[in-house]
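Structure first, then comments.
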Amino acid sequence: MMTIDIITVVPDLLDGPFSHSIMKRAQDKGLLMVRTHNLRKWAINKHAQVDDYPFGGGAGMVLMCEPLANAIEELQQSTVYDAIIYMTPDGKTFDQPMANQLSMQQNLLIICGHYKGIDQRIRDQFVTMEISIGDYVLSGGELAAAVVVDAIGRLIPGVLSDETSALTDSFQDNLLAPPVYTRPADFRGMKVPAILLQGDPKKVEDWRFEQSIERTKTRRPDLFKED
Ligand code: 6GU
């Protein structure tokens with residue numbers, strides 16, 4: 001079973017994303033365990049303080065060293081982590097190869113920053129991987145962590161059924177997925193491509209491959225140029 005621990009100051013934000021659909025099934029099947037940990041549990045005083053003003057001045061607050069170090073070290077007493085990930089817009093941009101690689105690990109610890117982020121010394125001392133989900137700024141790492149956990153979780157062997165197999169996903173082979181259709185075969189005069197109705201699996205496969213290439217060329221020529 002893969003374990004993902006998440007340290008956050010807003011655990012409520014992560015209540016929803018893992019409680020439904022495929023992430024729920026992964027946990028129900030015992031293939032994935034996601035645990036959120038409220039950083040305030042390791043606050044340094046009775047005011048539940050976990051952040052402070054930045055040295056040198058400037059806007060925003062910074063998550064302090066002590067609560068984070070104590071949280072990480074306490075969690076490390078019961079789990080050996082393969083990676084300690086900090087969610088940050090200045091991290092490496094998340095992509096399918098990273099999801100594939102992370103899905104093969106046993107135990108991950110994800111730290112969500114908030115406000116202006118976390119003290120650099122925690123990054124230097126504990127963090128082994130820094131991930132961004134794209135070139136835009138979110139108000140905290142939680143939604144980004146939810147994206148990363150979803151992308152990883154669905155790749156764990158046994159989580160997806162044949163119908164939802166990850167092998168046919170966009171990006172898994174650097175190609176976008178082809179268009180899909182379901183009933184009715186004629187919707188307001190718009191017809192489903194005839195080849196999909198003819199029952200020749202080889203022709204369907206060829207058609208889908210062509211469509212994938214066409215889509216990738218027009219929508220994402222950058223992917224097409226790779227390798
Ligand atoms: Cl990981 N965190 C925040 N706060 N903003 C982001 C991000 C992460 N990835 C893209 N934008």
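Fair warning: this is a prediction, and the values are worked out from it, not measured in the lab. Counting starts at 1 for both ligands and their atoms, following the listed order. Just so you know, residue 1 is the first one in the sequence shown, and it goes up from there.
Under the 4.0 Å criterion applied to side-chain N and carboxylate O atoms, Glu130 and Arg123 are assigned as salt-bridge partners.
The nearest protein atom to atom 10 (C) of ligand 1, hydrogens excluded, is given as Gly134 O, 3.1 Å; this is a heavy-atom distance. The protein atom (non-hydrogen) at minimum distance from atom 5 (N) of ligand 1 is Leu138 N, 3.0 Å. Of the protein's non-hydrogen atoms, Pro89 CD, 3.5 Å is the one closest to atom 3 (C) of ligand 1.
Between the side chains of Asp124 and Gln120, at least one donor N or O sits under 3.5 Å from an acceptor N or O. Residues Thr8 and Glu142 have side chains that bring a donor and an acceptor to within less than 3.5 angstrom of each other.
Contact of the Ile72 side chain with the Gln76 side chain is registered, since non-hydrogen atoms from C-beta on lie closer than 4.5 Å.
The proximity of Ile131 to ligand 1, defined as any non-hydrogen pair under 4.0 Å, is limited to the backbone. Looking at Ala144 against ligand 1, only its side chain comes within 4.0 Å, counting heavy atoms.
Of all the atoms in ligand 1, the ones that sit under 4.0 Å from a non-hydrogen atom of Met87 are 1 (Cl).
Looking at Ile133 next to ligand 1, an N or O pair under 3.5 Å apart turns up. An N or O contact shorter than 3.5 Å links Tyr136 to ligand 1 by distance.
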Identify all side-chain donor-acceptor contacts of residues 186-203 below 3.5 Å with residues at least two apart in sequence or on another chain.
unit_1 : atom_1 : unit_2 : atom_2 : d
Asp186 : OD1    : Gly189 : N      : 2.8
Asp186 : OD2    : Lys191 : NZ     : 3.4
Asp200 : OD1    : Lys202 : N      : 3.1
Asp200 : OD1    : Lys203 : N      : 3.3
Lys202 : NZ     : Asp206 : OD1    : 2.9
Lys202 : NZ     : Asp206 : OD2    : 3.3

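Remark: Glu66 engages no residue in a side chain to side chain donor-acceptor pair (under 3.5 Å) (not counting sequence neighbours).
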